[in-house]
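Computed from heavy atoms alone, side chains included, the values below leave out hydrogens, waters and symmetry copies. Just follow the structure's listing: the first ligand is 1, and inside any ligand the first atom is 1.
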Amino acid sequence: MLADVVELLICPVCGGDLGLDERAVRCPSGHAFDVARQGYVSLLTGSRAPGTADSAEMVAARDAFLGVGHFDPLAEAVAEACRTGAEGSRRTGAKVVADAGAGTGHYLARALDRLPDAVGIALDVSKHAVRRAARAHPRLGAVVADVWRPMPVRSDSVDVLLNVFAPRNGPEFARVLGDDGTLVVVTPTSQHLEPLVERLGLLSVDEEKERRVAESLGGHFAETGRSVHEFGMTLGREAVEAVVGMGPSAWHTDSHAMRARITALPETSEVTASFRMSIFQRHHRSSPVLDR
Ligand SMILES: C[S@@+](CC[C@H](N)C(=O)[O-])C[C@H]1O[C@@H](n2cnc3c(N)ncnc32)[C@H](O)[C@@H]1O
Ligand SMILES: [Zn+2]
């Protein structure tokens, strides 16, 4: 619930502490943010529409696909990495796991299952996603926020930061993580969703992705571990439609044409799921950081 994490959040306008009353999250300077009926809060400021937010349809497809367990082996590996990371953190008090671009909160909830005393912050720019994340786990607080902007999270407050198929912000990730904090980044490999990528003409993962991930984090983090998680899935057409609908191709493809291609598939398809999980450790700070 939001109450579990509100003291870890900061006002997106002035950087002040936040407190929660029945209907709103407020800072001492009077900035107030309504708590939605579903229990999440939006700490987005400004009028710029965040163009990369997942739509309601994409989030529904993601929820349906993840909910039946197709990516469970990945969720288990991510949860285990979070547990190991939290155990390695020297911060005292309840452990904090945050997820930047959390979507429906699926991976964060699994991590919290393995960490009985930890709390979780799900951050995502899509209110459709955050609405679901708010229900994903009792010890999770869900916040609408843009990870490309200053994150509304207190400096040095997070033990493990999760980032699964979502945008990254190296300087901000480094700021919110405490000393010995762990960043867990999951990206698809070029084998992900083969042979559907080829058969359906989905957007493929570019080979440069790995290098770009390392570059975006390099100045602030050292990569301390990397593993590839690959497994087969037998997907009916409905599951294929969901996995297409939740991914980047949903942005770019004419949905009628895609549906026709999916209908032409055999009743079930053998599909590869293939992910790279990288573990990063935050560099120790050499100079005091600005506390916000
Ligand atoms: C491919 S989905 C992954 C969601 C989740 N991590 C998962 O694997 O189920 C990417 C997510 O990033 C979110 N997102 C995109 N741009 C964002 C931004 N600038 N700040 C925060 N979240 C963003 C989208 O709304 C979407 O939920
Ligand atoms: Zn404020």
Which atoms from ligand 1 have a heavy atom of Gly103 less than 4.0 Å away?
4 (C), 5 (C), 27 (O)

Ligand 1 atoms in contact with Ala145 (distance to a heavy atom under 4.0 Å)
20 (N), 21 (C)

Could you work out, for atom 1 (C) of ligand 1, the closest of Arg132, Met246, Arg62 by heavy-atom distance?
Arg62

Measure the distances from the heavy atoms of Ala100 to every atom of ligand 1 and state whether one is below 4.0 angstrom.
no

So for Thr104 against ligand 1, with non-hydrogen atoms under 4.0 Å, the contacting part is neither

Looking just at side-chain N and O atoms, do Arg62 and Thr104 make a donor-acceptor pair shorter than 3.5 Å?
no

Could you tell me whether Arg110 and Glu76 have a side-chain N and a carboxylate O separated by less than 4.0 Å?
yes

With sequence neighbours left out, the residues meeting ring pair (Phe, Tyr, Trp, His ring centres under 6.0 Å) with His220 are none

Salt-bridge criterion met for Asp180 and Arg282 (N-O under 4.0 Å):
no

N/O of Val164 under 3.5 Å from N/O of ligand 1, yes or no?
yes

Just going by heavy-atom distances, which of Gly101, Ala75, Pro167 is nearest to atom 6 (N) of ligand 1?
Gly101

Carboxylate-amine/guanidinium proximity below 4.0 Å for Arg139 and Asp113
no

Mutual orientation of the aromatic rings belonging to Phe221 and Phe280 [parallel < 30°, tilted 30-60°, perpendicular > 60°]
perpendicular

Hey, is Asp99 one of the residues with a heavy atom under 4.0 angstrom from ligand 1?
no

Could you tell me if any non-hydrogen atom of Tyr107 lies under 4.0 Å from any atom of ligand 1?
yes

Hey, does Val147 come in under 3.5 Å of ligand 1, counting only N/O atoms on both sides?
yes

Closer than 2.8 Å to the Zn ion (ligand 2): how many protein N, O or S atoms are there?
4

Give the numbers and elements of all ligand 1 atoms closer than 4.0 Å to a heavy atom of Ala102.
5 (C), 6 (N)

Out of Asp124, Asp146, Leu108, whose heavy atom is nearest to atom 18 (C) of ligand 1?
Asp146

One thing to verify: whether Glu87 and Arg83 come together as a salt bridge, which I'm taking to mean a side-chain N less than 4.0 angstrom from a carboxylate O.
yes

Does an N or O from Leu123, backbone or side chain, lie closer than 3.5 Å to an N or O of ligand 1?
no

Under a 4.0 angstrom heavy-atom cut-off, which atoms of ligand 1 come close to Leu66?
9 (O)

With a 6.0 Å cut-off on the ring centroids, do Tyr107 and Phe71 count as close?
no

Counting each atom of ligand 1 from 1 as listed, which ones have a heavy atom of Trp148 under 4.0 Å away?
19 (N)

Under a 4.0 Å N-O cut-off, is there an ion pair linking Asp17 with Arg154?
yes

Which bit of His106 is near ligand 1, meaning a heavy atom under 4.0 Å away: side chain, backbone, both or neither?
neither

